[in-house]
Asker: 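My questions all concern the structure below.
One-based numbering, in listed order, for ligands and for the atoms of each. Residue numbers count from 1 along this sequence.
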Amino acid sequence: MTNDPLLSLRKVSKIFGNGHFGLKDIDLDIAAGEFVSLLGPSGCGKTTTLRVVAGFEAASAGQILLGGAEIGHLPPNRRPVNTVFQDYAVFPHMDVAENVAFGLSVRGTPRAEIRRKVGEALELVGLADKAKRPVSALSGGQRQRVALARAIVCEPQLLLLDEPLSALDASLREQMQIELKNLQARLGTTFVMVTHDQTEALSISDRIAVMQGGEIEQIASPAELYDRPATRFVAGFIGTMNLLPGKVSADGRLEVPGSSLPMPAEAHGFGAGSAVVLGLRPEDLELSTATAGIPIRVENVVFHGRSLRVIGRVSSGEEMILDVPRSAAADLPAAGASAALRLRAGAVPVVLPA
Ligand SMILES: Nc1ncnc2c1ncn2[C@@H]1O[C@H](COP(=O)(O)OP(=O)(O)O)[C@@H](O)[C@H]1O
Ligand SMILES: [Mg+2]
């Protein structure tokens with residue numbers, strides 16, 4: 001990042017009253033205009049991170065800086081931050097425009113200005129023609145747009161979104177993901193979104209912070225996380241990844257069960273004798289016609305539309321998944337047969353410490 005971050009968390013920890021560590025030493029820098037997702041399994045601390053930034057929860061230690069100024073001591077309404085929650089939290093007895101106007105009214109914004117800003121916000125979320133509708137008459141997707149409009153109308157420097165799309169069904173959700181990304185690009189506002197859905201995070205984020213157990217395991221672009229996961233957890237969490245135990249031989253080759261892969265030591269950085277874990281993507285593997293390769297026993301061949309997924313097992317018991325084009329279907333071994341796997345030309349395995 002070249003310019004100063006908009007939001008910085010410095011060694012932020014949260015210990016709850018019951019002694020539970022919600023967050024451990026979180027360091028996070030987010031640039032102005034970025035769309036960053038916090039991704040991880042349930043209970044890993046995503047919501048707690050947002051609540052600490054919004055001020056609904058006080059950090060137990062560490063600093064929260066916005067535009068370089070400490071905001072950790074400010075109450076939520078004094079932070080230039082808005083939050084959109086999973087359950088929309090719209091006011092059912094108000095119409096759409098009243099819902100969106102609420103935050104501005106509370107601040108005593110002049111009426112004409114409220115009218116103009118509400119109109120603009122509804123335009124942005126595609127609800128300009130629904131201003132006078134009661135919220136109760138709207139669909140789930142429309143209510144979520146009301147919640148978004150209500151948050152952006154206050155022009156926050158930072159918009160926090162906690163699983164904003166998780167109450168929507170799959171097809172609407174996919175459509176709203178694109179809308180959300182486009183809205184963020186048009187506004188130029190910094191978005192920090194919590195999700196447990198990796199597809200959602202991968203498709204709309206500039207960067208993703210993968211969390212586990214109250215810590216950030218890795219923060220990187222979607223492609224970087226996919227191609228170069230930094231930890232075994234990230235490798236196993238993002239996409240489908242075959243994980244194989246391996247060992248670096250004296251001549252730098254990677255020994256895996258039943259075979260070895262040539263890879264220069266400079267490329268993996270581990271010394272001879274190191275125990276490692278290899279990460280191999282299904283699309284980076286192919287069946288070897290020669291007997292050379294990683295021997296597997298084929299367990300299943302599954303139709304996947306554009307490709308066929310072959311599921312097998314190596315001698316040491318790890319499952320191996322590879323995707324082959326449908327055009328190769330005729331040559332595939334049957335379930336129960338032995339086969340050998342090799343890396344496709346140009347594919348590079350991920351090598352992590354065991
Ligand atoms: N008020 C609280 N008191 C005690 N533990 C809490 C409290 N809020 C959250 N936790 C715990 O902190 C961890 C992180 O919670 P949360 O941030 O809500 O997870 P996520 O949003 O990633 O699912 C969980 O183990 C949760 O049970
Ligand atoms: Mg949560």
Asker: Could you tell me the residue and atom name of the protein heavy atom closest to atom 18 (O) of ligand 1, and the distance to it rounded to 0.1 Å?
Answerer: T47 CB, 3.6 Å
Asker: When you measure from the centre of the six-membered ring of F102, is the NZ or CZ of R107 under 6.0 Å away and within 45° of the axis?
Answerer: no
Asker: Could you list which atoms of ligand 1 come closer than 4.0 Å to a heavy atom of T48?
Answerer: 14 (C), 15 (O), 16 (P), 17 (O)
Asker: Atom CD1 of I71 and atom CG of L66: how far apart are they, to the nearest 0.5 Å?
Answerer: 5.0 Å
Asker: With only distance considered, is C44 within less than 3.5 Å of ligand 1 through an N or O on each side?
Answerer: yes
Asker: Restricting to pairs with a member in residues 265-279, which pass side-chain hydrogen bond (donor to acceptor under 3.5 Å, both in side chains), not counting sequence neighbours?
Answerer: none
Asker: Please confirm if an N, O or S atom belonging to T47, backbone or side chain, lies less than 2.8 Å from the Mg ion (ligand 2).
Answerer: yes
Asker: Please classify the V194 to ligand 1 contact at 4.0 Å (heavy-atom distances, strictly less than): side chain, backbone, both or neither.
Answerer: neither
Asker: Considering both backbone and side-chain atoms of K46, is one of its nitrogen or oxygen atoms within less than 3.5 Å of a nitrogen or oxygen in ligand 1?
Answerer: yes
Asker: Please indicate, with yes or no, if any protein heavy atom is found under 4.0 Å from atom 26 (C) of ligand 1?
Answerer: no
Asker: So which heavy atom in the protein is nearest atom 11 (C) of ligand 1, and how far is it from that ligand atom?
Answerer: H20 CD2, 3.7 Å
Asker: Verify the contact flag for atom 1 (N) of ligand 1, where contact means a protein heavy atom under 4.0 Å away.
Answerer: yes
Asker: Parallel under 30°, tilted from 30 to 60°, perpendicular over 60°: which one fits the rings of F237 and F233?
Answerer: parallel
Asker: Of the protein's non-hydrogen atoms, which lies at the shortest distance from atom 20 (P) of ligand 1, and what is that distance?
Answerer: G43 N, 3.5 Å
Asker: Are the charged groups of D323 and R309 less than 4.0 angstrom apart, N to O?
Answerer: yes
Asker: Could you verify whether a donor N or O on one side chain and an acceptor N or O on the other, from T195 and E200, lie under 3.5 Å apart?
Answerer: yes
Asker: Determine, using heavy atoms of G45 and all atoms of ligand 1, whether some pair is separated by less than 4.0 Å.
Answerer: yes
Asker: I26 versus S13: any side-chain heavy-atom pair under 4.5 Å?
Answerer: no
Asker: To check your reading of the model: name the closest protein heavy atom to atom 5 (N) of ligand 1, its residue, and the distance in Å.
Answerer: F16 CD1, 3.3 Å
Asker: Yes or no on side chain to side chain donor-acceptor pair (under 3.5 Å) for T231 and E217, after CA distance, side-chain angles and deciding distance?
Answerer: CA-CA 7 Å; T231 68; E217 290 258 331; 2.6 Å; yes
